[in-house]
2 protein chains.
Amino acid sequence: MSTSSAVDEREEGLKFQPRFDAAGLVTCVATDATSGAVLMVAHMNEEALRKTIASGEAWYFSRSRQSLWRKGETSGHVQRVVEIRTDCDQDAIWIRVEQTGAACHTGRRSCFYRKLESGDGGARLSFVDAD
Amino acid sequence: MSTSSAVDEREEGLKFQPRFDAAGLVTCVATDATSGAVLMVAHMNEEALRKTIASGEAWYFSRSRQSLWRKGETSGHVQRVVEIRTDCDQDAIWIRVEQTGAACHTGRRSCFYRKLESGDGGARLSFVDAD
């Protein structure tokens with residue numbers, strides 16, 4: 001697995017061979033296909049990835065609940081997948097999605113609704129998105 | 001830590017309290033501040049995050065080498081940080097950066113240079129970026 005030819009194949013080849021970590025997961029970043037904004041960062045196991053590819057809608061694996069979930073299953077806030085990319089060493093996935101409603105469970109469009117502001121007393125957060 | 005008031009504070013508060021995993025890491029997504037493209041997904045430990053905030057340049061923690069690294073330290077391909085965001089539960093970081101040269105160690109602008117194409121024999125990859 002760590003030979004240079006295996007690395008070359010993984011980095012330069014056309015075979016999709018996602019590299020799951022010790023917990024069986026890859027990191028997945030979902031961005032808004034229109035605005036480009038990062039909506040959320042979550043994880044996929046092999047089954048979630050397979051279902052995402054097959055259905056064209058995002059499925060994830062919840063580490064806290066240790067279970068598979070279809071995004072929007074209860075909320076209706078589904079993600080239609082426009083494109084799936086993988087990175088050089090194939091341990092991360094980037095999906096560009098059409099997001100129905102809110103990606104975040106707090107009801108906000110994106111989970112990344114706060115930014116750091118540096119100040120005298122160290123870094124503090126401030127809200128960035130009106131939605 | 002898991003009481004509802006602690007969750008509220010983490011999700012709705014203005015205190016920056018990154019939630020490092022068992023290995024002491026948070027996931028970090030770096031996007032191009034101009035194009036919005038996802039450049040890379042990597043990890044930061046507490047020190048990498050602190051140095052990123054203090055210096056305005058991206059620092060990461062390499063899981064394979066188990067060491068801190070300043071992005072571009074040897075290649076010159078530094079990332080100047082324009083904005084730092086955190087997500088709802090503060091276990092992921094999104095940095096918008098001005099990327100000098102290539103984010104990827106393969107010499108490509110982004111690590112996400114291949115996309116999935118579905119075909120008869122299952123998913124295959126194809127190259128997406130000319131650079």
Side-chain angles (χ1 to χ4, degrees), chain A residues 2 11-18 21 26-29 31-32 35-43 49-50 52-54 56 63-64 81 83-96 103-106 108 110-118 122-129, chain B residues 2 11-18 21 26-29 31-32 35-43 49-50 52-54 56 63-64 81 83-96 103-106 108 110-118 122-129:
Chain A
S2 298
E11 294 187 349
E12 301 297 334
L14 297 181
K15 183 178 174 192
F16 183 46
Q17 39 186 339
D21 68 12
V26 288
T27 302
C28 179
V29 180
T31 65
D32 187 303
S35 72
V38 176
L39 296 173
M40 58 188 280
V41 171
H43 294 83
L49 184 54
R50 187 161 38 79
T52 298
I53 294 168
R63 292 183 299 177
S64 55
V81 177
E83 188 180 75
I84 302 178
R85 295 198 188 189
T86 189
D87 71 343
C88 43
D89 60 358
Q90 301 203 36
D91 67 352
I93 301 289
W94 168 20
I95 58 175
R96 293 175 51 235
C104 186
H105 75 286
T106 65
R108 297 176 178 93
S110 163
C111 294
F112 292 87
Y113 49 83
R114 289 169 297 180
K115 67 176 177 180
L116 261 73
E117 305 270 14
S118 41
R124 294 279 292 176
L125 300 174
S126 72
F127 287 87
V128 281
D129 290 329
Chain B
S2 297
E11 294 187 349
E12 302 296 334
L14 298 181
K15 184 178 173 191
F16 183 46
Q17 40 185 339
D21 68 11
V26 288
T27 302
C28 179
V29 181
T31 64
D32 186 305
S35 72
V38 176
L39 296 173
M40 58 187 281
V41 170
H43 294 83
L49 184 53
R50 187 161 38 80
T52 298
I53 295 168
R63 292 183 299 176
S64 56
V81 178
E83 187 179 77
I84 302 177
R85 295 197 188 190
T86 190
D87 70 344
C88 44
D89 60 0
Q90 301 203 36
D91 67 352
I93 302 288
W94 169 20
I95 57 175
R96 293 175 53 236
C104 186
H105 75 286
T106 66
R108 296 176 178 92
S110 163
C111 294
F112 292 87
Y113 48 84
R114 289 169 298 180
K115 67 175 177 181
L116 260 74
E117 306 269 13
S118 41
R124 294 277 293 174
L125 300 175
S126 72
F127 287 87
V128 280
D129 289 329

Spacing of [atom1] belonging to [X] relative to [atom2] belonging to [Y], to within rounding of 0.5 Å:
| X | Y | atom1 | atom2 | value |
| --- | --- | --- | --- | --- |
| B:K115 | A:I95 | NZ | CD1 | 15.5 Å |
| B:C111 | A:E11 | SG | CD | 9.0 Å |
| A:L39 | B:W94 | CG | CH2 | 8.5 Å |

Side chain, backbone, both or neither of A:I53 within contact of chain B (heavy atoms, under 4.5 Å)
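Side chain only.
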Where on A:R96 is there a heavy atom nearer than 4.5 Å to chain B: the side chain, the backbone, both, or neither?
neither
Is it the side chain or the backbone of [X] that comes within 4.5 Å of chain A heavy atoms, both, or neither?
| X | value |
| --- | --- |
| B:T86 | both |
| B:V29 | side chain |
| B:E83 | side chain |
| B:L116 | both |

Name the member of [options] that forms the most heavy-atom pairs with chain A at distances under 4.5 Å.
| options | value |
| --- | --- |
| B:C88, B:C104, B:S118 | B:C88 |
| B:Q17, B:Q90, B:E117 | B:Q90 |
| B:G13, B:A54, B:A37 | B:G13 |
| B:I84, B:T27, B:D89 | B:I84 |

Step by step, work out the salt bridge (Lys or Arg N to Asp or Glu O under 4.0 Å) result for B:R63 and A:D21.
CA-CA 11 Å; B:R63 292 183 299 176; A:D21 68 12; 5.1 Å; no
Contacts of B:E12 that satisfy side-chain contact (heavy atoms from CB on, under 4.5 Å) - sequence neighbours left out
A:T106, A:R108, A:Y113, A:F127
Just so I know, are the side chains of B:R114 and A:R85 near enough to count as touching, which here means a heavy-atom distance under 4.5 Å?
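Answer no - side chains too far apart.
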Indicate the atoms forming the closest heavy-atom contact of B:V41 with A:A92, along with that distance.
CB-CB, 4.1 Å
Could you pull out the closest heavy-atom pair between A:F112 and B:I93, with the gap in Å?
CE2-C, 4.0 Å
